[in-house]
K.L.:
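I'd like to ask some things about the structure below.
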Number of protein chains: 2
Amino acid sequence: MDTQAARDILTHHLKSGGKLRATPERFAILDAVLQTQGHFDVEGLYYRLITTGVKVSKATVYNTLELLLECGLVAKYRFAENTSRYEKAFGRPQHHHLICLSCGDIIEFMNEKLERIQDDVCAEKDFFPQSTTLQIFGTCSKCTKKG
Amino acid sequence: MDTQAARDILTHHLKSGGKLRATPERFAILDAVLQTQGHFDVEGLYYRLITTGVKVSKATVYNTLELLLECGLVAKYRFAENTSRYEKAFGRPQHHHLICLSCGDIIEFMNEKLERIQDDVCAEKDFFPQSTTLQIFGTCSKCTKKG
DNA sequence: CTCGGTGCAAATGCTTTGCAATGTC
DNA sequence: GACATTGCAAAGCATTTGCACCGAG
């Protein structure tokens, strides 16, 4: 994962935004995000930040994630729960989710045919797509075996 | 929309549940749900209930929607906002959503090819699917023209 | 020096919960 | 009658906001 490239994207976004400032907190949060694997929530990211010695408030974490969302460095999901979940988007191809309602496990998958469907639908409805989420809820193989 | 059939489904679910009871509130809420068109949230449903003279508490609305979810009479979605949205599932074919990030409009669409993709993916991952949600976030034609 | 950003704590808004009263079975 | 369900209000959580201080530009 190219950390510098991600920082460049953020820096560019801040400059082009006009009044946005480059603060150490913002880059520290970006770094922490880049170190994640898979999904994370605000609570977990915040915990990892403070236990790594980074002093930030939860409010800043929320603000910064919103910022990273704007420049496409993270993706935000909402599965069944009340909590928003994020994942780094930089350098990751688009993928979707199988969500096990029994154990909560999330399995990722990719499918090129899906992109064609997206294009078809959007063309038909004259809709300009930005991001697509396909979520299949059900039971994973482990839980099916268990009972 | 066959109200009686929906009631039968609920009744059956209550009986088969073992200890679940058939209360007037539950059926009143089901009736109100069946009268909806498109999506609704708890607040709106609750408002419609009390203004129609049905005396229920919001807690019961939440409980009952959970119940209706279990027997497949409603579907529950979580788009970008903090609020859960529902819609009646009985008698409605499966469909998906284009969500405009600018005006919040939700456009529904259907696609048979999608079901084949779902089957493929689930077979590959040995996953038993229960419900599928495809959400495409972007900008609708109205908002594209505006700005 | 200006004004955007931060931290903190309080506020908000959706959802859940505790408990006494109610009504189904 | 027993005990699931209800209503109400209070509690819980994730997220947002207000405000004084701080620091990037």
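Keep in mind that this is a model prediction, so the values were computed, not measured. Note on naming: letters A, B, ... go to the chains in the order of the sequence lines (proteins, then strands), and numbering restarts at 1 for each one.
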K.L.:
Taking NZ from B:Lys19 and P from C:dG23, how many angstroms apart are they, rounded to a whole number?
P.N.:
23 Å

K.L.:
Would you mind reading off the distance between B:Arg26 atom CZ and D:dG7 atom C1', rounded to a whole angstrom?
P.N.:
14 Å

K.L.:
Report the distance from atom CZ of B:Arg78 to atom P of C:dC14, rounded to the nearest whole Å.
P.N.:
11 Å

K.L.:
Using whole Å, report how far NZ of A:Lys15 lies from P of C:dG4.
P.N.:
19 Å

K.L.:
Nearest-Å distance, CG (A:Leu14) to P (C:dT6)?
P.N.:
10 Å

K.L.:
Using the test side chain to side chain contact (heavy atoms under 4.5 Å, CB included), find all partners of A:Glu25 that sit at least two apart in sequence or belong to another chain.
P.N.:
A:Thr23, A:Val56, A:Thr60

K.L.:
Each residue besides A:Ile136 in its hydrophobic cluster should be listed here, by chain and number; the cluster joins Ile, Leu, Val, Met, Phe, Trp and Tyr at side-chain heavy-atom distances under 4.5 Å.
P.N.:
A:Leu98, A:Ile107, A:Phe109, A:Leu114, A:Ile117, A:Val121, A:Phe127, A:Leu134, B:Leu98, B:Ile107, B:Phe109, B:Leu114, B:Ile117, B:Val121, B:Phe127, B:Leu134, B:Ile136

K.L.:
Quick one: B:Glu25 CD to D:dG7 C1', roughly how many Å, whole number?
P.N.:
9 Å

K.L.:
Any chance the side chains of B:Gln4 and B:Asp8 put a donor and an acceptor closer than 3.5 Å?
P.N.:
yes

K.L.:
Please list, for nucleotides 16-23 of chain D, all pairs of protein and nucleotide N/O atoms separated by less than 3.5 Å.
P.N.:
residue: D:dG23; atom: N2; partner: A:Arg21; partner atom: NH1; Å: 2.4

K.L.:
Which residues, if any, of residues 40-57 of chain B bring a heavy atom under 4.0 Å of DNA chain C?
P.N.:
none

K.L.:
To the nearest Å, how far apart are A:His13 NE2 and C:dG5 P?
P.N.:
11 Å

K.L.:
Return the value, rounded to whole Å, for the distance between atom CG of B:Leu65 and atom P of C:dT16.
P.N.:
10 Å

K.L.:
Any side-chain heavy atom of A:Leu14 sitting closer than 4.5 Å to one from A:Leu67?
P.N.:
yes

K.L.:
Report for the helix from C:dC1-D:dG25 to C:dC25-D:dG1: angle between first-end and last-end helix axes, five pairs each, rounded to 10 degrees.
P.N.:
40°

K.L.:
Return the set of residues passing side chain to side chain contact (heavy atoms under 4.5 Å, CB included) with A:Thr11 (not counting sequence neighbours), or none when no residue passes.
P.N.:
A:Lys15, A:Phe27

